[in-house]
Participant: 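Before I ask anything, here is the structure I am working with.
Keep in mind that the numbers below use all heavy atoms, side chains included, and drop hydrogens, waters and symmetry copies.
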Amino acid sequence: MSRAFTKEIDDQPPSPAPEKPISFARNLVTPQGARMIEAAVASLEERLRRSVSAEERPALKRELNYWHARHASMEIVAYVENPTAVRFGTVATVIRAGGKRQDLTIVGEDEADPKAGKIAWTSPLATAIEGAGPGEEIEFELPARSEAITIEAIRSAAE
């Protein structure tokens, strides 16, 4: 193919990847979440101090920018001893459809790990059970149906 049929833009290097998006919600974190964010910053700063390839450097800088922003905006929420209602930093033992018992820990967005039972305080499920006490039944609205969830017990998520 002749060069006459190529666009000037084809000769330009690819544009850099966009910054990692940051949530607009308040950056509430547990004390453990604060330590996780601080460790992420320290680890990325150390990796950048070491000699890294030119290809790896922009991705590490983007990741570090994200964690610096999260560190700067974090609001550490202390654990509550003997909670009486589901709130940030608590573990709620719930009974879901079919009698399935599950422990749900309400944590910050960066701490969330649904497979481990850690759900972000901004998630629909956390929002649905927030403020509920032991013995209360909540109707959790799912896209196609609703599910009854009973709060069996609540405890602090303190380590």
Participant: Only pairs under 3.5 Å count here: list side-chain donor-acceptor contacts from residues 118-137, not counting sequence neighbours, and write none if there are none.
Facilitator:
unit_1 : atom_1 : unit_2 : atom_2 : d
Thr122 : OG1    : Glu109 : OE2    : 3.0
Ser123 : OG     : Ala120 : O      : 2.8
Ser123 : OG     : Ala126 : N      : 3.2
Thr127 : OG1    : Ser123 : O      : 2.9
Glu136 : OE2    : Gly133 : N      : 2.8

Participant: Would you tabulate the side-chain donor-acceptor contacts of residues 138-147 under 3.5 Å, counting partners in other chains and residues two or more places apart, or write 'none'?
Facilitator:
unit_1 : atom_1 : unit_2 : atom_2 : d
Glu139 : OE1    : Ser146 : OG     : 3.1
Glu147 : OE1    : Arg96  : NH2    : 3.1
Glu147 : OE2    : Arg96  : NE     : 3.0
Glu147 : OE2    : Ala97  : N      : 3.2

Participant: Residues sharing Ile95's hydrophobic cluster, by side-chain heavy-atom contacts under 4.5 Å among ILVMFWY, directly or via others?
Facilitator: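 Besides Ile95, the cluster holds no residue at all.
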
Participant: Linking I/L/V/M/F/W/Y whenever any side-chain heavy atoms sit under 4.5 Å apart, do Val77 and Met36 land together?
Facilitator: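 No, separate clusters.
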
Participant: Can you hop from Tyr66 to Ile37 via hydrophobic side chains spaced under 4.5 Å?
Facilitator: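 Yes, because Tyr66 and Ile37 connect within a single hydrophobic cluster, where side-chain heavy atoms sit under 4.5 Å apart.
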
Participant: Can you name the side-chain hydrogen bond (donor to acceptor under 3.5 Å, both in side chains) partners of Ser73, sequence neighbours left out?
Facilitator: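 So Ser73 forms a side-chain hydrogen bond (donor to acceptor under 3.5 Å, both in side chains) with Asn27.
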
Participant: Looking at residues at least two apart in the chain, or sitting in another chain, which of them share a salt bridge (Lys or Arg N to Asp or Glu O under 4.0 Å) with Lys61?
Facilitator: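 Result, salt bridge (Lys or Arg N to Asp or Glu O under 4.0 Å) vs Lys61: none returned.
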
Participant: Which pairs of donor and acceptor atoms, one on a side chain in residues 82-94, lie under 3.5 Å apart (sequence neighbours left out)?
Facilitator:
unit_1 : atom_1 : unit_2 : atom_2 : d
Thr90  : OG1    : Arg87  : N      : 3.1
Thr90  : OG1    : Arg87  : O      : 2.6
Thr93  : OG1    : Asp103 : OD1    : 2.6

Participant: What closest approach, in Å, do Ala54 and Pro58 show between heavy atoms, and which atom pair accounts for it?
Facilitator: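 So the minimum-distance heavy-atom pair works out to O-CD, 3.0 Å.
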
Participant: Taking only residues two or more places apart in sequence or in another chain, which ones pass salt bridge (Lys or Arg N to Asp or Glu O under 4.0 Å) with Glu38?
Facilitator: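 So Glu38 forms no salt bridge (Lys or Arg N to Asp or Glu O under 4.0 Å) with any residue.
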
Participant: Listed by chain and number, what are the side-chain contact (heavy atoms from CB on, under 4.5 Å) partners of Glu45, not counting sequence neighbours?
Facilitator: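 Glu45: side-chain contact (heavy atoms from CB on, under 4.5 Å) contacts with Val41, Arg49, Leu64, His68.
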
Participant: Any link between Tyr79 and Val107 through a network of hydrophobic side chains (Ile, Leu, Val, Met, Phe, Trp, Tyr) touching at under 4.5 Å?
Facilitator: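 They do not share one cluster, since no chain of ILVMFWY contacts under 4.5 Å joins Tyr79 to Val107.
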
Participant: Can you list the residues that meet the salt bridge (Lys or Arg N to Asp or Glu O under 4.0 Å) rule with Arg57, with sequence neighbours excluded?
Facilitator: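 Salt bridge (Lys or Arg N to Asp or Glu O under 4.0 Å) list for Arg57, sorted by chain: empty.
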
Participant: For Glu111, which residues count as a side-chain hydrogen bond (donor to acceptor under 3.5 Å, both in side chains) partner, sequence neighbours excluded?
Facilitator: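 In terms of side-chain hydrogen bond (donor to acceptor under 3.5 Å, both in side chains), with neighbours along the sequence ignored, Glu111 is linked to Thr30.
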
Participant: What pairs with Asn65 under side-chain hydrogen bond (donor to acceptor under 3.5 Å, both in side chains), at least two apart in sequence or on another chain?
Facilitator: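 Glu19.
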
Participant: Atom CD in Glu55, atom CG in Leu60: separation rounded to 0.5 Å?
Facilitator: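 It is 12.0 Å, given to the nearest 0.5 Å.
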
Participant: Residues in side-chain contact (heavy atoms from CB on, under 4.5 Å) with Ile76, at least two apart?
Facilitator: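 Applying side-chain contact (heavy atoms from CB on, under 4.5 Å) to Ile76 gives Val29, Pro31, Ala34, Met74.
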
